[in-house]
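Just below is one structure, and these are the notes that go with it.
In what follows, every chain begins at residue 1, and chains take the letters A, B, ... in the order their sequences are listed.
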There are 2 protein chains.
Amino acid sequence: MSLCCDPLLDLLDPRLFKALSDPNRITMFCQLADCCGGMTVSEMAERFPIDISVVSRHLALLRDAGLLKSTRDGKQVRYWLMVSDVVDRLRKIADALETCCLAAKTSACSPLEERP
Amino acid sequence: MSLCCDPLLDLLDPRLFKALSDPNRITMFCQLADCCGGMTVSEMAERFPIDISVVSRHLALLRDAGLLKSTRDGKQVRYWLMVSDVVDRLRKIADALETCCLAAKTSACSPLEERP
DNA sequence: TGTTCGTTTGCGCGATGATGCAAATGTAAG
DNA sequence: CTTACATTTGCATCATCGCGCAAACGAACA
């Protein structure tokens, strides 16, 4: 069984949303948006009242979700926000959602009730 | 202390992302995107191998996060996807993210390092 | 090589989340 | 008013999450 919203379903990666479901991670995300030079784990940790190991884990989680990239610079690890990637993903989700709902309205796909 | 990304921070509601951080809720969200007539709790529950009470809770959570609206129709409660609201929120986040990062690049705001 | 600094990982604890079951609530029909 | 159906709400259980602490890892440097 396939849905008209299959492309939407592909775009809605739980990891993306789980990554931004935590207030601290959201703030880290915004800090990186304001800092085009990227930030090291230590620099980020200075701005939060939590242990640096926790900051490290949060940043790694954001990276694994595809929101950040990390580069080693000597002893330090610098995290960068992948702006265009994130912006593209969000816009694609919005577009797919609109397309899917429009298709549903115009009966471009069979109603759910008639499916096996 | 204020950040250039303050408008972005306001848009990034943890509840929105938490709502879509669960695979079952994502699928319910997509089902509603494909069904412009909305769905009752029972109709939704037919499509999932989980207890109907769990489905009810998932739908309520999606509603409380601002993704769905619910209307009572006799004994049944029908849930609808708030398409334009969700699409607008996603696009506003994408726009704010772009704006914030562009401002950071052009030094329209002070770098994080120089803040108190 | 040994030391130091930055980062990551292992472990445990308390809190939150997803789930199922049973009971309660709400609504329409007999 | 009683009954039947749809939904919601406790309650318990198990998994996951955020967190701190300590140890391990990695890279530069004396």
Side-chain angles (χ1 to χ4, degrees), chain A residues 9 12-32 35 37-81 112-113, chain B residues 9 12-32 35 37-81 112-113:
Chain A
L9 201 51
L12 295 177
D13 182 2
R15 288 185 309 162
L16 167 65
F17 295 96
K18 197 180 293 281
L20 290 176
S21 69
D22 178 75
N24 278 334
R25 283 197 294 269
I26 288 180
T27 308
M28 293 180 190
F29 180 84
C30 289
Q31 295 276 347
L32 286 173
C35 186
M39 291 178 63
T40 67
V41 179
S42 297
E43 286 171 350
M44 184 66 81
E46 287 171 10
R47 307 174 185 284
F48 291 84
I50 59 178
D51 195 84
I52 192 173
S53 67
V54 178
V55 174
S56 173
R57 263 189 277 251
H58 278 317
L59 292 174
L61 193 151
L62 287 165
R63 167 171 41 78
D64 295 343
L67 301 171
L68 311 181
K69 70 182 176 219
S70 63
T71 60
R72 252 217 121 87
D73 180 28
K75 300 179 195 172
Q76 308 183 357
V77 174
R78 187 165 291 269
Y79 280 89
W80 314 74
L81 179 55
L112 282 168
E113 296 75 27
Chain B
L9 201 50
L12 294 177
D13 181 3
R15 286 186 310 161
L16 167 65
F17 295 96
K18 200 181 290 282
L20 290 176
S21 68
D22 178 77
N24 277 335
R25 283 196 295 269
I26 288 181
T27 308
M28 292 180 189
F29 180 84
C30 289
Q31 294 276 346
L32 286 172
C35 185
M39 290 177 63
T40 67
V41 178
S42 297
E43 287 170 349
M44 184 67 79
E46 287 172 10
R47 306 176 186 283
F48 290 84
I50 59 180
D51 194 85
I52 193 173
S53 67
V54 178
V55 174
S56 172
R57 265 189 276 252
H58 278 317
L59 292 173
L61 193 151
L62 287 165
R63 166 169 45 76
D64 294 343
L67 302 171
L68 310 182
K69 69 181 178 224
S70 62
T71 60
R72 254 218 119 87
D73 180 27
K75 299 180 197 172
Q76 309 184 355
V77 174
R78 187 166 291 268
Y79 280 88
W80 314 73
L81 179 55
L112 282 168
E113 295 76 26

Checklist entry - Who passes side chain to side chain contact (heavy atoms under 4.5 Å, CB included) against Lys69(A), sequence neighbours left out? => result Trp80(A), Met82(A)

Shortest non-hydrogen contact between [X] and [Y], atoms and distance:
X	Y	value
Ser21(B)	Lys18(B)	OG-O, 2.7 Å
Asn24(A)	Asp22(A)	N-OD2, 3.1 Å
Leu12(A)	Cys30(B)	CD1-SG, 3.7 Å
Pro14(A)	Ile26(B)	CG-CD1, 3.7 Å

Next on the checklist: Among residues 15-29 of chain A, which ones have heavy-atom contacts with DNA chain D below 4.0 Å?
Outcome noted: Lys18(A), Asp22(A), Asn24(A), Arg25(A)

Checklist entry - Is there a residue in residues 59-70 of chain B whose heavy atoms reach under 4.0 Å of DNA chain D, and which residues are they? => result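 Correct list: empty, so none.
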
May I ask you to evaluate whether [X] reaches the phosphate of [N], defined as a side-chain N or O under 4.0 Å from OP1 or OP2?
X	N	answer
His58(B)	dG17(C)	no
Tyr79(A)	dT8(C)	yes
Ser56(B)	dT7(D)	no

Checklist entry - Applying salt bridge (Lys or Arg N to Asp or Glu O under 4.0 Å), which residue pairs with at least one partner in residues 49-68 of chain B are found, sequence neighbours left out? => result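 Residue pairs with at least one partner in residues 49-68 of chain B: there are none.
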
Next on the checklist: Set out, in order, the CA-CA distance, both residues' side-chain angles and the distance that settles side chain to side chain contact (heavy atoms under 4.5 Å, CB included) for Leu67(A) and Leu20(A), then state yes or no.
Outcome noted: CA-CA 10 Å; Leu67(A) 301 171; Leu20(A) 290 176; 4.0 Å; yes

Check nucleotides 20-22 of chain D against the protein and report each pair of N or O atoms closer than 3.5 Å, with its distance, or say if there are none.
unit_1: dG20(D); atom_1: OP2; unit_2: Asp51(A); atom_2: N; d: 2.5
unit_1: dG20(D); atom_1: O6; unit_2: Arg57(A); atom_2: NH2; d: 2.7
unit_1: dC21(D); atom_1: N4; unit_2: Ser53(A); atom_2: OG; d: 2.9

Checklist entry - Separation of Arg78(A) atom CZ from dA27(D) atom P, in whole Å? => result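 Taking atom P of dA27(D) as the reference, CZ of Arg78(A) is at 17 Å.
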
Item to check | Donor-acceptor under 3.5 Å (Arg25(A) side chain, His58(A) main chain) | outcome: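 No.
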
Next on the checklist: Closer than 3.5 angstrom, by distance alone: can the side chain of Arg47(B) be matched with the main-chain N or O of Met28(B) as a donor-acceptor pair?
Outcome noted: no

If we only count heavy atoms from C-beta on, is the [X] to [Y] side-chain gap below 4.5 Å?
X	Y	result
Thr71(B)	Val77(B)	no
Phe48(B)	Thr27(B)	yes
Leu59(B)	Met39(B)	no

Next on the checklist: Working to the nearest 0.5 angstrom, can you tell me the gap between Arg15(A) CZ and Leu61(A) CG?
Outcome noted: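 Going from the CZ atom of Arg15(A) to the CG atom of Leu61(A) covers 9.0 Å.
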
Checklist outcome for this item: Counting primed atoms, P, OP1 and OP2 as sugar-phosphate and everything else as base, the B/S/- map of nucleotides 24-29 of chain C against protein heavy atoms under 4.0 Å is ---BS-

